[in-house]
Amino acid sequence: MIMNEFWLDKPQLKEPRLTLRSAEFRKGREQAWQRLDEIVERVEKESISVLSAEEAQELPMLYSAAMSSLSIARTIVLDRNLLLYLENLTLRAYLIVYGPRYGISLCLRKFFQRDFPRSVRKMSLHLLTALAALLVGIAAGYAFVRSDINNFHLLVSEQLAKGRGAASTASDLRNIIFSPWPGFVSTFIEFASFLFQHNTMVGIFSFGLGFMLGIPTFALLAYNGLVLGAFAALYAEHSLTVEFIGWLSIHGVTEILAILLCGAAGLVVAEKVLFPGSLPRLESLALHGREAASVAAGSISLFFIAGILEGGFRQLIDYTLLRYAFALMTAFLWFYYFGFAGKGNNYGDAD
Amino acid sequence: MATRIDRAGELIEGMKRKRKELFTPEGVPLDIQIAGHGERLTAFIIDMVFMIAVIYGLYLILLMLLFSRTGLVSFKIGMTIILFIAFIVRNLYFLHFELAWQGRTPGKRICSLRVISRAGGELSPSAVVARNLTREVEIFLPLGLFLSIDAESAALGKVALLGWAAALTVLPLFNREHLRAGDLIGGTQVIALPKRVLLGDLTEQRMSHRTVALPKNYIFTHEQLAIYGNFELQVLEEILRRPANVENVNLLTVVCVKICRKIGWDEPVPPEDTRRFLNDFYAAERANLERSQLFGNVREDKSTALKR
């Protein structure tokens, strides 16, 4: 029997010893892997902030050591357990080393001070398209109901109409517009909360449905316009147009803006699905989709404000002139915020 | 690189996940395993259960407050607050956990899944927002539509809308990386990342177990070691690493007999020596294959010829 050459004869030993390159390789590096494993495990359990200054300094070094171990191991090691362990460890470490660097609060501040208005400015064309869809809806709804007041019931569900309709008299309608304030709890808490939830769902849908080529987004925008137009026509029938617009615009400026933002975000997604431009479709979608989604998420805060305005302030302010002034003020604030906020402040980022 | 496909694992665990390479700034591509549909569904259901449990917990607290005599809150305000919190929980549950736990919700954590950025690099907050806002349309909208359809009001329009919405829901079944619409928009993807433990080296174990009384190592010839390839070596490793129960000891005996026949080992291996024999064979075979791999001669398995 031929003596296998891997059994190195060492004269001082009674029997031959086997040396494996991979076992030697492992011996020298194992401790660093275990240390990295410990750190990764702790970060995974809690967060990156649990690390001490030394550990945070150690992490990237251990990580790149593990990376180079991995690339060597792939060529010289056949121990399956070791290979899989290293693949797993480096991937977990990679996700931490290149993981999120900011806490939630800095993220939020960055978003509202800079990214949100910037992203909105970028999609102004989509915003105008969404506005056009809404206006078409309003015009159609208005014309349809003006031609025959009974058409109102075709457009507006009983749930939304709340008893208003062709049979309503001018004083019925006036009473809704100038109803007495029902008190803090019922308005600021109950009604506002309901409105916020309802509107947010509409907003999220008009964004999410953008993925279906934008058709449902257009439909949703136009439908909202139809309902609005129908109501306008109903009030116009009793020559209450001016009062109606005042009543509506207190929150309407904010709410319609938020719906338009969500719609515009949906249209961005739709556009990138249909016309990806110079990038591959998936990359283009990922790049713009993220921005669009953050606009949709940001407009949820607008819905929140609109809910409070609609639930509370609308009945609190009951002079038409004051209502117009208030609406103008909100319009100006939003215009200023989306038009000019976040220019220049870069938070040390490159772009 | 062919050696990185874990064929031994696929054979033994009987599970085949799709794989993809992730390119790192260090220039070493990392292997990622794309999460399966079943795993993702399981994680989602677990999350839903948690969410519903939280919301019902709130209802219980409200009821307790109402029935306690203090009358701290009126029913209406309590209800509103609960509805509001339920709304927040529903919308922020996934967002919060995916941001705070590096792309893992409790359900994903239990199933060892994780959301990562498809392009590599940081999983940005906007990506998490994007993939979770879309969830509303992908899952909750069709679910709501489905629940709202009953035999009487099954209007054609509603069914058509449900069909359209459901088409979006089943999107992950129709692409290679199992992406749902939210993943497409957010540029994310869900991977399976179970934690692995580093076990001892089998060749080292052999050394440490050796006591003075033990007989010499089994020694194999070149010809005997030239029969098997990497795949068989790793399957043998997997079998040797199994705990020593009756079933596995029997398996070792079967494997031992097979190997002896294949390599032409004539001496009988005593039953109590089976493990030691296989361990020695494993060590010698690994040394042999690793050495020839170092010289660029990779042998995938016993049926492929040596690559030069």
Side-chain angles (χ1 to χ4, degrees), chain A residues 1-4 6-7 15 18 20-23 26 33 44 47 64 67 70-71 74-82 84-85 87-88 90-92 94-96 98-101 104 107 185 189-190 193 197 204-205 207-209 211-212 269 282 285-287 289-294 296-297, chain B residues 1 4 6 8 24 26 28 30-32 76-77 80 83-84 87 99 102 116 118 121-127 129-130 133-134 136-137 141 164 168 181 184-187 193 195-196 198-199 201 203-204 216-217 219-222 230 233-234 237-238 241 283-284 286-290 293-294:
Chain A
M1 191 182 283
I2 308 159
M3 180 69 91
N4 189 328
F6 310 116
W7 299 93
E15 50 180 307
L18 177 75
L20 273 95
R21 206 174 260 267
S22 58
R26 174 178 172 158
W33 303 337
E44 279 178 350
S47 78
S64 55
M67 270 297 201
L70 173 66
S71 63
R74 278 174 182 167
T75 57
I76 70 162
V77 176
L78 284 178
D79 185 343
R80 175 171 169 268
N81 173 263
L82 175 64
L84 291 181
Y85 171 77
E87 295 270 2
N88 186 261
T90 44
L91 181 54
R92 283 162 60 212
Y94 166 81
L95 291 174
I96 287 168
Y98 294 99
R101 284 160 296 167
I104 300 267
C107 273
V185 168
I189 297 183
E190 287 165 17
S193 163
Q197 290 169 34
I204 290 178
F205 279 141
F207 164 69
L209 292 169
F211 194 76
M212 297 172 177
V269 172
L282 282 186
L285 188 59
L287 189 69
R290 254 176 264 178
E291 194 164 21
S294 64
Chain B
M1 197 198 289
R4 276 174 38 214
D6 182 19
T24 63
E26 285 74 22
V28 182
L30 291 177
D31 250 13
I32 53 176
K76 249 186 146 180
I77 306 180
T80 310
L83 278 177
F84 187 76
F87 179 81
L99 281 175
Q102 303 123 16
I116 63 165
R118 211 161 58 230
E122 182 190 356
L123 176 67
S124 66
S126 60
V129 168
L133 282 191
T134 321
E136 202 64 52
V137 175
L141 176 70
W164 194 1
L168 200 61
L184 290 177
I185 293 178
L193 189 58
K195 189 179 150 24
R196 285 190 182 271
L198 181 60
L199 303 172
D201 195 325
T203 59
E204 294 293 308
K216 282 177 139 191
N217 286 311
I219 291 170
F220 303 90
T221 62
H222 258 315
N230 295 354
L233 178 79
Q234 293 185 340
E237 175 196 338
E238 188 58 41
R241 284 192 194 281
R286 201 175 107 193
N288 178 32
L289 288 171
E290 278 178 357
Q293 178 159 318
L294 204 61

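What's counted below: heavy atoms across the whole structure, side chains too, no hydrogens, waters or symmetry copies.
Contact count against chain B (heavy-atom pairs under 4.5 Å) is highest for S22(A) among S71(A), S22(A), A292(A). Put simply, of V269(A), L91(A), T90(A), L209(A), the one with the most heavy-atom pairs under 4.5 Å next to chain B is L91(A).
In terms of heavy-atom proximity, G289(A) sits nearest to A130(B) at O-CB, 4.2 Å. What you find for S124(B) and R290(A) is that their closest heavy atoms are OG-CD, 3.6 Å. Scanning all heavy atoms of the two residues, the minimum distance from L133(B) to I204(A) falls at O-CG2, 3.6 Å. Nearest approach of N88(A) to R196(B), heavy atoms of both residues: OD1-N, 3.3 Å. Smallest separation of non-hydrogen atoms from S126(B) and A293(A): O-CB, 4.5 Å. A286(A) and G187(B) get closest at one heavy-atom pair: CB-CA, 3.4 Å.
Not a single donor-acceptor pair under 3.5 Å links the side chain of E237(B) to the backbone N or O of D79(A). Distance alone, capped at 3.5 Å, places no donor-acceptor pair between the E290(B) side chain and the R21(A) backbone. The main-chain N or O of L30(B) is never found under 3.5 Å from a side-chain atom of E87(A) such that the two would form a donor-acceptor pair.
For the pair L95(A)/L193(B), a side-chain contact is recorded, criterion being any heavy-atom separation below 4.5 Å from C-beta on. Side-chain contact between R26(A) and D201(B) is present, with at least one heavy-atom pair separated by less than 4.5 Å. Residues R92(A) and K195(B) form a side-chain contact, since some pair of their non-hydrogen atoms from C-beta on lies under 4.5 Å apart.
With values rounded to the nearest 0.5 angstrom, T75(A) atom OG1 is found 7.0 Å from Q293(B) atom CD. The distance from the CG atom of L84(A) to the CG atom of L198(B) is 11.0 Å, given to the nearest 0.5 Å. F211(A) CZ to T134(B) OG1: the interatomic distance, rounded to the nearest 0.5 Å, is 8.5 Å. In this structure, CE in M67(A) is found 4.5 Å from CD in E26(B), a value given to the nearest 0.5 Å. Taking CG of L184(B) as the start and CG of L285(A) as the end, the distance is 6.0 Å to the nearest 0.5 Å.
L82(A) touches chain B through backbone and side chain together, each having a heavy atom under 4.5 Å away. If you measure heavy-atom distances from I116(B) to chain A, the contacts under 4.5 Å come from the side chain alone. Both the backbone and the side chain of F205(A) come within contact range of chain B, each with at least one heavy atom under 4.5 Å from a heavy atom of that chain. Contacts of E44(A) with chain B are made by both backbone and side-chain atoms, with heavy-atom separations under 4.5 Å. Interface remark: L199(B) contributes backbone and side-chain atoms alike to the contact with chain A (heavy atom separation under 4.5 Å).
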